[in-house]
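Here's the structure, in structure tokens; my notes come after.
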Amino acid sequence: MNDIEKTKCLIIGSGPAGYTAAIYASRAEMHPIMYQGMQPGGQLTTTNEVENFPGYPEGVTGPAMMLELEAQAKRFGTDVRFGFINRVDFSGEIHKCWADNGKEIHAETVVISTGASAMYLGLESEQHYLSNGGGVSACAVCDGFFYKGQETVIVGAGDSACEEAHYLSKLCTKVTMLVRRDVFRASKIMAERVKKTKNIEILYNTNTIEVLGDGEVVNAVLVKNNITGKETKIPCTGFFVAIGHKPNTEIFKKYIDLDNTGYIKYAQPGTSKTNIPGVFVAGDAADKTYRQAITAAGTGCMAALDAERYLASKEH
Ligand code: NDP
């Protein structure tokens, strides 16, 4: 089969985790191939300004930072490809992967850096102000600072929403939290903390109807009480969505151990190893706690170093 391509290292996904793995693996002469995935650059490409990544004192936009990471990976020889891996077979010593164009790749090591995708409500107005950077975000730690001294609204009632609402409450004059049922899903301690915070107002049984604005930036959110039917306009400049993330791990689940929410489990804490020898994970595909570009980059480095050591151990 002349269609089969062999590589020492295949990197699946192109966020900060994947590119950092690519930089390290290229510099270690592993000649990695990277498939960028459905969203080249990953979640950061939906963030406007990144101000918390060390090394950018003036900040940088998410898309610009990802182009720089791509250029850095290419400079050392990473074969960066547009396209995605849609099937794997990790049953043997050689890891078989198939790209969307049908190409079959046999990799000695694989770095999974497919990330996670934030879930959104799916409203047209939400997507509009998300894509134009006008005030919708799925990451308070990334974007909360831009709403310092302003009023924000956050939707969700899980641990993430509570954590993010609390984070926003320290920056914003007021945070309104929209909970669709009459109870939180979050752990008691997290929910209690939110309930006790003075500048967080919780609206139960409340759904988001529309994100309002002037076309450029958000200025309010229209909500509806799902018991009384009453609609209310809440003035705000930022609308945060914290209704969960979905790790992009579906194609690996037959072989790779996942936790009950779909995140990849580390086989050995403190490493990037999965349960399959030679397959490593980096970034949000295994991280539901930190989810930061810098932590993803850190684990990308770990995955490349672990892959390099794995190859070295096979040579001896
Ligand atoms: P969860 O799935 O736990 O919660 C999602 C929340 O969003 C739920 O309250 C849900 O409401 C709500 N929601 C979902 N869809 C909609 C919608 N269309 N409209 C309005 N509300 C909606 O996700 P999280 O990201 O909060 O947490 C994921 C996992 O990560 C959990 O296991 C959590 O414990 C963990 N985590 C732990 C943290 C920590 O310990 N520090 C921090 C963050 C997360 P409903 O309840 O009605 O279904």
Side-chain angles (χ1 to χ4, degrees), residues 43 46-47 114-130 136-144 152-170 175-197 200-212 218 221-232 234 236 238-250 253 257-266 269 281 283-296 299:
Q43 288 183 82
T46 63
T47 299
T114 46
S117 304
M119 297 202 277
Y120 290 93
L121 299 173
L123 301 170
E124 205 178 304
S125 53
E126 167 205 58
Q127 292 303 307
H128 170 75
Y129 290 109
L130 172 71
V136 171
S137 167
C139 178
V141 178
C142 317
D143 299 325
T152 51
V153 172
I154 182 165
V155 56
D159 282 335
S160 296
C162 289
E163 204 164 69
E164 305 224 332
H166 192 251
Y167 183 88
L168 289 172
S169 72
K170 292 193 208 142
V175 179
T176 306
M177 199 168 180
L178 310 178
V179 177
R180 68 176 172 182
R181 291 184 293 149
D182 59 356
V183 287
F184 275 85
R185 177 180 293 274
S187 52
K188 206 162 181 228
I189 186 163
M190 305 276 270
E192 283 307 315
R193 193 170 65 163
V194 161
K195 289 179 194 170
K196 281 187 193 143
T197 305
I200 300 180
E201 182 182 5
I202 301 163
L203 301 181
Y204 292 98
N205 300 307
T206 300
N207 291 98
T208 312
I209 303 295
E210 202 181 343
V211 182
L212 304 171
V218 171
V221 172
L222 181 67
V223 302
K224 184 177 184 175
N225 184 300
N226 55 36
I227 306 276
T228 64
K230 187 176 175 228
E231 293 194 358
T232 314
I234 307 169
C236 66
F239 180 64
F240 287 85
V241 186
I243 61 171
H245 286 78
K246 195 176 181 317
N248 302 316
T249 55
E250 188 68 22
K253 70 179 184 198
D257 290 344
L258 309 178
D259 73 9
N260 57 9
T261 49
Y263 286 87
I264 293 178
K265 288 206 252 184
Y266 286 113
V281 60
D284 286 12
D287 174 16
K288 61 181 169 196
T289 310
Y290 300 105
R291 298 181 178 134
Q292 299 301 299
I294 189 70
T295 49
T299 53

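Whatever order the structure lists ligands and atoms in, that order sets their numbers, starting from 1.
Atom numbering of ligand 1 starts at 1 in the shown order; those under 4.0 Å from a heavy atom of Gly244 are 23 (O), 25 (O). Close contacts of ligand 1 with Val155, meaning ligand atoms under 4.0 Å from a residue heavy atom, involve 20 (C).
Proximity of Asn207 to ligand 1, defined as any heavy-atom pair under 4.0 Å, is not found for any part of the residue.
Minimum interatomic distance between Ala118 and His245 (heavy atoms only, all atoms of both residues): CA-CD2, 3.5 Å. Heavy atoms only, all atoms of each residue included: Tyr167 and Ala140 are closest at CE2-O, 3.4 Å. Taking both residues in full, the closest heavy atoms of Val155 and Ile243 are given as O-CG2, 3.8 Å, listed atom of the first, atom of the second, then distance.
Remark: the Asn226 side chain and the Asn207 side chain contain an N/O donor-acceptor pair separated by less than 3.5 Å. Side chains of Thr206 and Lys224: no donor on one and acceptor on the other come within 3.5 Å. Side-chain contact of Asp143 with Ser137: a donor-acceptor pair under 3.5 Å is present, judged by distance alone.
When Arg180, His245, Met119 are ranked by how near their heavy atoms come to atom 10 (C) of ligand 1, first place goes to Arg180. Of the candidates Ala116, Gly158, Ala242, Ser160, Ser160 brings a heavy atom nearest to atom 27 (O) of ligand 1.
Here the protein heavy atom with the shortest distance to atom 38 (C) of ligand 1 is Asp159 CB, 3.9 Å. Counting protein heavy atoms only, atom 2 (O) of ligand 1 is closest to Arg185 CD, 4.1 Å. With hydrogens left out, the protein atom closest to atom 22 (C) of ligand 1 is Ile243 CG2, 3.4 Å, a heavy atom. Nearest protein heavy-atom neighbour of atom 19 (N) of ligand 1: Leu121 CD2, 3.5 Å. Of all protein heavy atoms, the one closest to atom 47 (O) of ligand 1 is Arg181 NE, 2.7 Å. Atom 30 (O) of ligand 1 has its closest protein heavy atom at Lys288 CD, 3.7 Å.
By the disulfide (SG to SG under 2.5 Å) test, Cys236 pairs with no residue at all, sequence neighbours left out.
Contact annotation for atom 40 (O) of ligand 1: protein absent (non-hydrogen atoms, distance under 4.0 Å). Counting protein heavy atoms under 4.0 angstrom from atom 5 (C) of ligand 1 gives one or more.
Salt bridge Arg185/Asp159: absent, no basic N to carboxylate O contact under 4.0 Å.
Remark: ligand 1 and Glu163 share an N or O pair separated by less than 3.5 Å (distance only, no angle test). Residue Met190 places no N or O, backbone or side chain, under 3.5 Å from any N or O of ligand 1.
Among Leu130, Val153, Val218, Leu121, the single residue meeting the side-chain contact (heavy atoms from CB on, under 4.5 Å) criterion with Val211 is Val218. Tested against Phe239 for a side-chain contact (heavy atoms from CB on, under 4.5 Å), the candidates Thr152, Thr176, Thr208 yield a single pass: Thr208.
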